[in-house]
Amino acid sequence: MPLQLTVKKIDGKPGQVYYPLQLNTIPKPAPGPGELLIRLRSCALNHRDLFIRQHLYPGISFERPFLADGYGIVESTGPSVSPAASQLIGKPVLITPSRGWISSPDGPDDPHQPWTVIGSSQLTDAGTAQEYLVVPEAEAVSAPEHLTAAEGAALPLVGLTGWRALVSKAQAKPGQNILVTGIGGGVALQVLQFAVAMGCNVFVTSGNAEKIEKAKKMGAKGGVIYKEKDWDKQLLGQLPKDRPYLDAVVDGAGGDVVARSVKLLKAGGVISSYGMTVSPKMDWLMQAVLKNVELKGSTMGSRKEFEDMVAFVRDKGIRPVVSKVVRGLDNLQGIDELFEEMKEGKQFGKLVVLIDAKEEDQGGKEKISVEH
């Protein structure tokens with residue numbers, strides 16, 4: 001019977017508990033009208049999944065499959081699918097990582113209907129840590145042909161989050177100077193790749209000089225270590241002389257980002273905030289008000305933005321950065337080691353699970369680090 005991974009409930013307080021992984025066997029699902037049956041080949045971790053294991057995330061389900069990122073092959077369809085969906089049989093697809101947000105640029109289309117990220121959610125039974133998944137045909141998008149299974153799983157959630165933060169919110173354009181904070185995380189790396197492909201001048205921050213050098217090899221124009229007190233002054237010295245300011249900051253940390261970046265941003269510049277890992281609060285300064293700086297919150301994105309993002313990845317040949325891969329959904333020790341790597345902030349890119357330990361990761365030429 002097919003395998004499925006969930007989190008197991010144990011006693012403990014939020015932030016102190018750490019839910020173990022639980023491997024289950026389930027009946028193979030069958031697609032209904034308008035649905036696709038997908039044999040999942042890979043899934044990937046996000047910080048949300050670590051928060052779930054620590055009970056620092058709302059609406060957790062201990063019965064529904066874990067994880068939100070997924071890449072797989074369409075095995076069959078139910079009745080009444082569209083002609084386009086019927087053409088997907090035998091082809092790779094990406095799973096949309098959320099439910100309840102179709103196309104509105106402002107936020108989930110119907111405020112009275114729930115919106116949720118998939119994976120261990122009380123609001124949807126979808127999750128990608130399993131061998132088979134049934135989804136409505138609209139919730140699967142044809143995968144770019146150049147992606148491997150590992151790269152495909154690395155893309156959905158961080159790609160969507162980064163795309164909305166950079167394109168929909170910061171409205172990045174060729175030639176602009178964009179600061180991406182916290183390089184090394186999945187979203188930040190995806191923003192870097194998108195912005196470079198758009199023709200932006202990208203600068204990065206990190207607590208690690210090695211990560212900055214890796215970002216430069218990926219096309220970043222420069223970078224600074226945020227642990228240094230004068231990093232904002234250092235960054236000013238790296239900006240082009242004919243454009244000595246930032247057009248936008250794409251940030252997932254919060255903290256003192258407003259105080260540091262307001263001196264560098266142009267009048268009317270944008271801070272696009274997709275997370276606040278430093279603290280759930282952030283100071284807003286009068287200096288930013290007087291400079292007409294815009295602070296824009298950005299959370300994941302719509303199905304329309306997901307489709308646009310995937311089309312851009314296909315057109316530009318972008319390959320998401322994979323930090324490490326383990327083989328086998330039943331390799332609980334290996335998956336736990338990926339979570340430890342995330343806890344310690346060691347990764348540069350995404351942490352991925354190839355679901356079938358015996359299957360080759362075909363579809364691309366880039367080498368990946370694999371733990372058996």
Side-chain angles (χ1 to χ4, degrees), residues 2 26-44 65 67-105 108-110 113-119 121 123-128 130-157 159-160 163-164 167-168 300-320 355-356 359-364:
I26 59 169
K28 184 176 178 179
E35 293 181 332
L36 309 177
L37 173 64
I38 298 167
R39 181 175 64 84
L40 289 162
R41 292 192 57 206
S42 52
C43 52
L67 305 184
D69 284 326
Y71 168 103
I73 306 297
V74 176
E75 187 169 283
S76 64
T77 69
S80 305
V81 297
S82 68
S86 65
Q87 295 298 311
L88 290 174
I89 294 176
K91 296 180 179 179
V93 292
L94 304 176
I95 311 303
T96 54
S98 66
R99 298 290 183 269
W101 188 353
I102 300 171
S103 61
S104 171
D109 302 75
D110 186 347
Q113 295 295 320
W115 170 82
T116 184
V117 182
I118 67 173
S121 170
L123 298 176
T124 176
D125 58 5
T128 58
Q130 54 184 336
E131 291 184 319
Y132 287 93
L133 172 67
V134 167
V135 297
E137 63 173 275
E139 304 296 356
V141 176
S142 178
E145 296 75 11
H146 66 278
L147 297 182
T148 66
E151 292 164 342
L155 180 63
L157 193 147
L160 177 56
W163 181 264
R164 180 170 173 80
V167 178
S168 303
M300 293 269 301
S302 66
R303 187 195 300 162
K304 172 66 166 57
E305 287 168 315
F306 185 73
E307 292 168 352
D308 291 344
M309 179 274 294
V310 174
F312 185 81
V313 168
R314 176 180 282 110
D315 180 59
K316 299 296 183 180
I318 293 171
R319 307 184 80 104
I355 290 174
D356 185 342
E359 191 170 32
E360 290 298 319
D361 184 25
Q362 297 175 342

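Residues Pro105 and Ser168 have side chains not in contact (no heavy-atom distance under 4.5 Å, counting atoms from C-beta outward). Side-chain contact check for Pro320 versus Leu147: some heavy-atom pair is nearer than 4.5 Å.
Proximity of a side-chain donor or acceptor of Ser104 to a complementary backbone N or O of Asp109 within less than 3.5 Å is not detected. Side-chain atoms of Arg319 come within 3.5 Å of backbone N or O of His146 as a donor-acceptor pair. Between the Arg314 side chain and the Ala143 main chain, a donor and an acceptor come within less than 3.5 Å of each other. The closest donor-acceptor contact from the side chain of Asp69 to the backbone of Ala154 lies at 3.5 Å or more, if one exists at all. Side chain of Thr124 to main chain of Ile118: no donor-acceptor pair is present (N/O by atom type, distance under 3.5 Å, no hydrogens or angles). Distance alone, capped at 3.5 Å, is enough to place a donor-acceptor pair between the Thr128 side chain and the Leu67 backbone.
From Phe306, atom CZ reaches atom CG of Leu155 across 6.5 Å, with rounding to the nearest 0.5 Å. Interatomic distance, OG of Ser142 versus CG of Leu94, reported as 8.0 Å (0.5 Å rounding). Distance check: Asp308 CG to Arg164 CZ gives 12.0 Å after rounding to the nearest 0.5 Å. Here Ile89 contributes atom CD1 and Ile73 contributes atom CD1; the two are 12.5 Å apart, rounded to the nearest 0.5 Å. In this structure, Ile318 CD1 and Glu151 CD are separated by 11.5 Å, a value rounded to the nearest 0.5 Å. Note that OH of Tyr71 is 12.0 Å distant from CD1 of Ile355, once rounded to the nearest 0.5 Å.
Here the shortest heavy-atom pairing between Ser98 and Gly301 reads OG-O, 4.0 Å. Nearest heavy atoms, Pro79 versus Pro31: CD-O, 4.5 Å. The minimum heavy-atom distance linking Leu160 with Pro97 is given by the pair CD2-CG, 4.1 Å. A pairwise comparison of heavy atoms in Ala126 and Arg99 identifies CB-NH2, 4.0 Å as the closest pair. Smallest separation of non-hydrogen atoms from Glu137 and Ser80: OE2-O, 4.4 Å. For Gly100 against Trp115, the heavy-atom pair with the smallest separation is C-CD1, 3.9 Å.
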Item to complete: Applying side chain to side chain contact (heavy atoms under 4.5 Å, CB included), run through Leu40 and Ile95 and close with a yes or a no.
Response: CA-CA 9 Å; Leu40 289 162; Ile95 311 303; 4.1 Å; yes
Worksheet item: Are Val74 and Lys91 close enough, and set up right, to give a side chain to side chain contact (heavy atoms under 4.5 Å, CB included), and what steps lead you there?
Response: CA-CA 6 Å; Val74 176; Lys91 296 180 179 179; 6.0 Å; no
Worksheet item: What's the verdict on side chain to side chain contact (heavy atoms under 4.5 Å, CB included) for Arg41 and Asp356, showing C-alpha distance, side-chain angles and the deciding distance?
Response: CA-CA 7 Å; Arg41 292 192 57 206; Asp356 185 342; over 6 Å; no
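Residues that satisfy the side-chain contact (heavy atoms from CB on, under 4.5 Å) test with Ser302, not counting sequence neighbours, are Trp101, Lys304, Glu305. Considering only residues two or more places apart in sequence or on other chains, Lys28 meets the salt bridge (Lys or Arg N to Asp or Glu O under 4.0 Å) condition with Glu75.
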